[in-house]
Student: 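Would you mind keeping the following structure in view while I ask a few things?
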Amino acid sequence: MIKTKDGSFTLKSQKYNECYHSSEGAVVESLYKHIYPAFEVAKKNSYFGGEIRILDICYGLGYNTLLSILNRPKNVRLKIFSPELDENLIRSLKDFPYPKEFEKLKHIINSISTYFFYKDEFVEVEVKIMDARKYIKNLKSVDIVYQDAFSPKVNPELWSLEYFEEIERILNKKGVITTYSVATPVRCALYELGFNLYTHPYENIRKGTIASKDELDFEKIDFEEKLKRVNCYYISNKDI
Ligand SMILES: C[S@@+](CC[C@H](N)C(=O)[O-])C[C@H]1O[C@@H](n2cnc3c(N)ncnc32)[C@H](O)[C@@H]1O
């Protein structure tokens, strides 16, 4: 258990030898690198007609899912799909020391931790104990992807070109991918698939990457210019 800079707790995984969140803060990272930019895009697209479909890769401690629910725009339904390999982790989350503002989500946290599912009038969450690569094969039409696996170094199967091809297949034309990663192979894979690349505008936290086929109002990364200086290389399934 690690206390991050914003006071929220995260864990360090023994299997991957990495923390679930950066030291900047589990809440701050989730809000500024994922939820705020993704919901900006959703707002621009009139909240995709009143229902936002989110793929949360992967559930982990659930910060991205839970903070999306806390920040849900009024009258908008959220449908959240989230694969996760670690069943014991999900079962343990009913006792996780989440921040105080999560108290009003206690019934949701308990339901997900016990039944891997929650549903009410405005929110539906499905957590599937399954490899994310298999899970997304049966998924259709999502508006937002929180790409929040461990780093490409230790979790390469969720950063390969072939993986992002599957994500591209299920992402709506005006949809958006958010990630903390600024790694060149990750950006190359997304660029290779025709995504425009952007960075978030917030000053209080390190940059990540925002990817969309649509033109967005964020600062665009001139990747063509970058490719004059570096070779485009990405992770391929055959290298894993
Ligand atoms: C960095 S953590 C996710 C943090 C999470 N988004 C949050 O807000 O707390 C990465 C998670 O991905 C899971 N994971 C890694 N590889 C996976 C795979 N191939 N399929 C499904 N889950 C995977 C790990 O068990 C871990 O819980």
Side-chain angles (χ1 to χ4, degrees), residues 1-4 6-39 54-71 78 80-99 101-102 105 108-109 112-113 116 125-139 142 144-160 162-167 170 177-183 186 205-206 208-209 235 237 240:
M1 188 78 71
I2 292 164
K3 192 171 189 178
T4 63
D6 67 10
S8 57
F9 286 97
T10 191
L11 295 177
K12 183 165 185 181
S13 162
Q14 285 181 339
K15 179 175 165 191
Y16 294 91
N17 197 28
E18 278 188 8
C19 288
Y20 283 72
H21 299 89
S22 84
S23 59
E24 292 175 303
V27 168
V28 162
E29 180 171 54
S30 176
L31 287 177
Y32 288 91
K33 290 188 187 163
H34 296 284
I35 291 155
Y36 290 160
F39 280 17
I54 300 174
L55 173 61
D56 184 7
I57 299 281
C58 296
Y59 193 80
L61 308 183
Y63 276 94
N64 291 342
T65 287
L66 298 171
L67 283 163
S68 295
I69 297 170
L70 275 180
N71 288 276
L78 296 184
I80 304 179
F81 306 89
S82 190
E84 172 56 56
L85 282 178
D86 191 345
E87 178 173 347
N88 288 336
L89 175 67
I90 305 296
R91 290 199 187 279
S92 74
L93 292 178
K94 51 174 146 345
D95 300 315
F96 190 79
Y98 287 116
E101 66 257 38
F102 284 32
L105 303 179
I108 302 181
I109 292 166
I112 293 172
S113 185
F116 308 91
V125 181
E126 173 186 83
V127 175
K128 264 271 155 36
I129 305 302
M130 190 187 268
D131 191 306
R133 290 167 296 175
K134 195 168 169 210
Y135 181 71
I136 60 179
K137 290 229 184 289
N138 295 315
L139 209 58
V142 295
I144 292 172
V145 178
Y146 299 142
Q147 176 60 31
D148 196 20
F150 287 115
S151 76
K153 201 171 144 202
V154 299
N155 211 178
E157 74 274 19
L158 298 185
W159 300 95
S160 70
E162 294 86 348
Y163 164 80
F164 282 121
E165 274 172 348
E166 283 296 312
I167 295 290
I170 61 173
I177 304 169
T178 58
T179 179
Y180 67 85
S181 179
V182 295
V186 171
I205 188 156
R206 281 196 299 262
T209 304
I235 300 167
N237 279 355
I240 299 171

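In this chain, residues are counted from 1 in sequence order. Nothing here was measured: the structure is a model prediction, and the numbers come from that model. Every number for a ligand or one of its atoms is a count from 1 in the order of the listing.
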Student: Is S30 in contact with ligand 1, taking contact as a heavy-atom separation below 4.0 Å?
Tutor: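 Per 4.0 Å heavy-atom rule, S30 does not contact ligand 1.
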Student: Working to the nearest 0.5 angstrom, can you tell me the gap between L61 CG and L89 CG?
Tutor: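 Taking CG in L61 and CG in L89, the distance rounds to 5.5 Å.
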Student: For atom 27 (O) of ligand 1, which protein heavy atom lies nearest, and how many Å away is it?
Tutor: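 So the nearest neighbour among protein heavy atoms is E84 OE1, 2.8 Å.
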Student: Which ligand 1 atoms are under 4.0 Å away from a heavy-atom of H21?
Tutor: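 With H21 as reference, the close atoms of ligand 1 come out as 7 (C), 8 (O), 9 (O).
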Student: What is the nearest protein non-hydrogen atom to atom 2 (S) of ligand 1, stated with its residue, atom name and distance?
Tutor: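 Checked against all protein heavy atoms, atom 2 (S) of ligand 1 sits closest to Y20 CD2, 3.5 Å.
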Student: Where on R133 is there a heavy atom closer than 4.0 Å to ligand 1, on the side chain, on the backbone, on both, or on neither?
Tutor: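 For R133, no heavy atom sits under 4.0 Å from ligand 1.
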Student: If the contact criterion is a heavy-atom separation under 4.0 Å, does K15 count as touching ligand 1?
Tutor: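 Distance cut 4.0 Å: K15 fails for ligand 1.
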Student: Would you check the N or O atoms of Y63, main chain and side chain alike, for any that come under 3.5 Å of an N or O of ligand 1?
Tutor: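 There is such a contact, yes.
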Student: Tell me whether ligand 1 is touched by Y16 - counting only heavy atoms on the residue side and a distance under 4.0 Å.
Tutor: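 Under 4.0 Å: yes for Y16.
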Student: Determine whether K33 and E24 satisfy the following criterion, salt bridge (Lys or Arg N to Asp or Glu O under 4.0 Å), listing intermediate values before the conclusion.
Tutor: CA-CA 11 Å; K33 290 188 187 163; E24 292 175 303; 3.2 Å; yes
Student: Is ligand 1 under 4.0 Å from a heavy atom in the side chain of L158, in the backbone, in both, or in neither?
Tutor: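 It is the side chain that touches ligand 1; the backbone stays farther off.
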Student: Could you tell me, atom by atom, which parts of ligand 1 come under 4.0 Å of a heavy atom of A132?
Tutor: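 Contacts of ligand 1 toward A132, numbered from 1: 18 (C), 20 (N), 21 (C).
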Student: Looking only at protein heavy atoms, identify the closest one to atom 17 (C) of ligand 1 and say how far it is in Å.
Tutor: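 Here the closest protein heavy atom is L85 CD1, 3.5 Å.
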Student: Check this for me - ligand 1, L89, N or O atoms closer than 3.5 angstrom, yes or no?
Tutor: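 Such a contact does not occur with ligand 1.
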Student: Could you establish whether E18 and ligand 1 come within less than 4.0 Å of each other, counting only heavy atoms on the residue side?
Tutor: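 Per 4.0 Å heavy-atom rule, E18 does not contact ligand 1.
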Student: Please answer whether the main-chain N or O of D56 pairs with a side-chain N or O of N64 as donor and acceptor at a distance below 3.5 Å.
Tutor: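 Flag not set: sc N64 to bb D56 has no pair under 3.5 Å.
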Student: Side-chain contact, heavy-atom cut-off 4.5 Å: P97 with M1?
Tutor: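 Side chain of P97 against side chain of M1, heavy atoms only: contact under 4.5 Å found.
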Student: Quick check: closest heavy atoms across I57 and P83, and the distance to 0.1 Å?
Tutor: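 Answer, listing the atom of I57 first, then P83: CD1-CG, 3.8 Å.
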Student: Return yes if a side-chain donor-acceptor contact under 3.5 Å exists between S151 and Y16, otherwise no.
Tutor: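 No - no donor-acceptor pair under 3.5 Å links their side chains.
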Student: Looking only at distances, please establish whether an N/O atom of ligand 1 is found under 3.5 Å from an N/O atom of F150.
Tutor: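 No: no nitrogen or oxygen of F150 is under 3.5 Å from one in ligand 1.
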Student: Check contact between Y135 and ligand 1, using heavy atoms of the residue and a distance below 4.0 angstrom.
Tutor: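 Under 4.0 Å: no for Y135.
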Student: List the atom of T4, the atom of S23, and the distance in Å for their closest heavy-atom pair.
Tutor: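 Residues T4 and S23, closest heavy atoms: CB-O, 3.7 Å.
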Student: Would you say C58 has any N or O atom under 3.5 Å from an N or O of ligand 1, going by distance alone?
Tutor: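 Yes, there is a polar N/O contact under 3.5 Å.
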Student: Within the 4.5 Å heavy-atom criterion, are T179 and W159 side-chain neighbours or not?
Tutor: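 Yes, at least one pair of side-chain atoms sits under 4.5 Å.
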Student: Using the rule given for side chain to side chain contact (heavy atoms under 4.5 Å, CB included), can you reason through Y63 versus Y98, listing the C-alpha separation, both sets of side-chain angles and the distance that settles it, and then say yes or no?
Tutor: CA-CA 9 Å; Y63 276 94; Y98 287 116; 4.2 Å; yes
Student: Using heavy-atom distances, let me know which of I136, D148, L61, N155 sits nearest atom 10 (C) of ligand 1.
Tutor: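 Shortest heavy-atom distance from atom 10 (C) of ligand 1: D148.
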